[in-house]
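Here's the structure, in structure tokens; my notes come after.
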Number of protein chains: 2
Amino acid sequence: MQQSFMPEIAVCDCESIHEDVIAAVRGQMPEEDLMIDMAEAFRIFGDSTRVRILFALKAHEMCVCDISVLLGMTKSAVSHQLRILKQVNLVKHRKVGRVVYYSLADEHVETIFSACMEHVMEE
Amino acid sequence: MQQSFMPEIAVCDCESIHEDVIAAVRGQMPEEDLMIDMAEAFRIFGDSTRVRILFALKAHEMCVCDISVLLGMTKSAVSHQLRILKQVNLVKHRKVGRVVYYSLADEHVETIFSACMEHVMEE
DNA sequence: ATAATAGTTGAACAGTTGTTCAACTATTAA
DNA sequence: TTAATAGTTGAACAACTGTTCAACTATTAT
């Protein structure tokens with residue numbers, strides 16, 4: 001899904017390459033890992049089910065059952081998505097008896113959402 | 001890929017539903033369309049090839065061939081991704097002879113990138 | 001102990017996504 | 001006109017993703 005940064009051969013048969021531009025840009029590119037991490041972070045938000053769950057939890061702590069009713073989805077589907085959100089530390093949970101309550105892990109979500117919501121609005 | 005918001009039946013067999021919480025949260029949820037648009041916007045950034053292209057163009061206007069050399073990818077692969085970025089108005093292009101120069105369409109990208117880069121760093 | 005319930009999990013499935021390949025258009029040069 | 005080149009495009013393919021289903025664990029109640 002990515003490539004290292006040396007090829008420069010066989011990948012392009014062009015003759016009108018702007019080598020100076022390429023060299024300059026290469027010097028300004030961030031670490032490859034950073035760009036991969038960024039893409040992965042964005043991908044988490046790139047699903048409307050997860051976005052809906054995060055908006056719901058932004059409003060109030062909820063159990064899996066509540067969320068599944070709110071979103072009109074099975075508990076299983078919701079649980080799978082909660083697991084993904086938990087893996088990247090966007091949500092946390094506490095267990096009371098057999099009920100598991102989920103909530104936002106921190107304010108990161110709100111920050112990112114409001115920053116990007118403006119962008120979406122403008123398009 | 002989404003659901004409308006009335007089911008409330010058959011989707012959850014729970015008996016320990018917090019109906020008051022669900023009602024309150026439902027009142028605070030944004031428009032369904034907004035959440036879908038947000039997810040779609042995030043999905044664009046959710047691929048490392050596109051992120052790398054955007055970082056490259058942030059540094060300098062480039063032709064397809066330059067980008068393909070820089071990233072070590074075929075012109076075709078790059079062109080396909082540029083088309084996606086063009087569709088959502090993140091990049092623009094100008095044609096000089098048979099060379100097509102791409103550049104960022106506005107400062108949106110930089111705003112979003114810097115806002116979200118912090119988030120990625122912190123994790 | 002037994003039954004019921006909240007939630008989780010893995011396999012399976014369909015739908016989507018990114019890259020490759022080959023064929024194509026458009027522009028330039030001979 | 002013809003050949004060469006920058007870039008685009010659609011089909012095909014493999015890899016990935018989200019939901020469903022059935023089976024499972026853990027907790028509570030009888």
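Throughout, a chain's letter reflects where its sequence line sits, starting with A, and its residues are numbered from 1. Values reported hereafter were calculated over all heavy atoms of this structure, with side chains retained and with hydrogens, waters and symmetry mates removed.
Dashed line: the shortest gap from a side-chain N or O of A:Y102 to OP1 or OP2 of C:dT8 is under 4.0 Å. Dashed line: the shortest gap from a side-chain N or O of B:T74 to OP1 or OP2 of C:dT20 is under 4.0 Å.
Rounded to an integer number of Å, the gap from B:H18 NE2 to C:dA6 C1' is 11 Å. The CE-C1' distance, from B:M73 to C:dT17, rounds to 13 Å in whole Å. Between the CZ atom of B:R83 and the C1' atom of D:dG7 there is a distance of 13 Å, given to the nearest Å. In this structure, the CD atom of A:E40 is 16 Å from the C1' atom of C:dG18, given to the nearest Å. Summarising the geometry, the separation between CZ on A:R50 and P on D:dT17 is reported as 9 Å, rounded to the nearest angstrom. As rounded to whole Å, 19 Å separates atom C1' of C:dT17 from atom CZ of A:F42. In this entry the distance linking CG of A:L71 with C1' of D:dT20 reads 16 Å, nearest Å. D:dC16 atom C1' lies 9 Å from atom CZ of A:R43, rounded to whole Å.
Between the A:D66 side chain and the B:I17 main chain, no donor and acceptor come within less than 3.5 Å of each other.
A side-chain contact (heavy atoms from CB on, under 4.5 Å) with A:L85 holds for exactly one of A:L104, A:V91, A:V109; it is A:V91.
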### Query
Can A:Y101 and A:H60 be said to form a side chain to side chain donor-acceptor pair (under 3.5 Å), step by step?
CA-CA 10 Å; A:Y101 293 94; A:H60 202 283; over 6 Å; no
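Nearest-nucleotide positions on DNA chain D place A:Q81 closer to the 5' end than the other of A:G97 and A:Q81. The residue among A:V96 and A:H80 whose nearest nucleotide of DNA chain D lies closer to the 5′ end is A:H80.
Residue contacts for B:Y101: at a heavy-atom cut-off of 4.0 Å it reaches no nucleic acid atom on any strand shown.
A:Q87 CD: more than 12 foreign heavy atoms inside a 6.0 Å radius.
The base-pairing partner of D:dT2, taking Watson-Crick or G-U wobble contacts with both distances under 3.5 Å, is C:dA29.
Here C:dT8 is the nucleotide among D:dG18, D:dG7, C:dT8 with the atom lying nearest to any side-chain atom of A:K75. The listed nucleotides are D:dG7, D:dT27, D:dA6; the one nearest the side chain of B:C63 is D:dG7. Residue B:S79 places its side chain closer to D:dT9 than to any other of C:dT19, D:dT19, D:dT9. Side-chain proximity of B:A77 to the nucleotides D:dA29, C:dT20, C:dT27 is greatest for C:dT20.
Looking only at side-chain heavy atoms (C-beta outward), A:R52 and A:M73 come within less than 4.5 Å of each other.
Judged by atom type and distance alone, A:S76 reaches the base of C:dT9 through a side-chain donor-acceptor pair under 3.5 Å.
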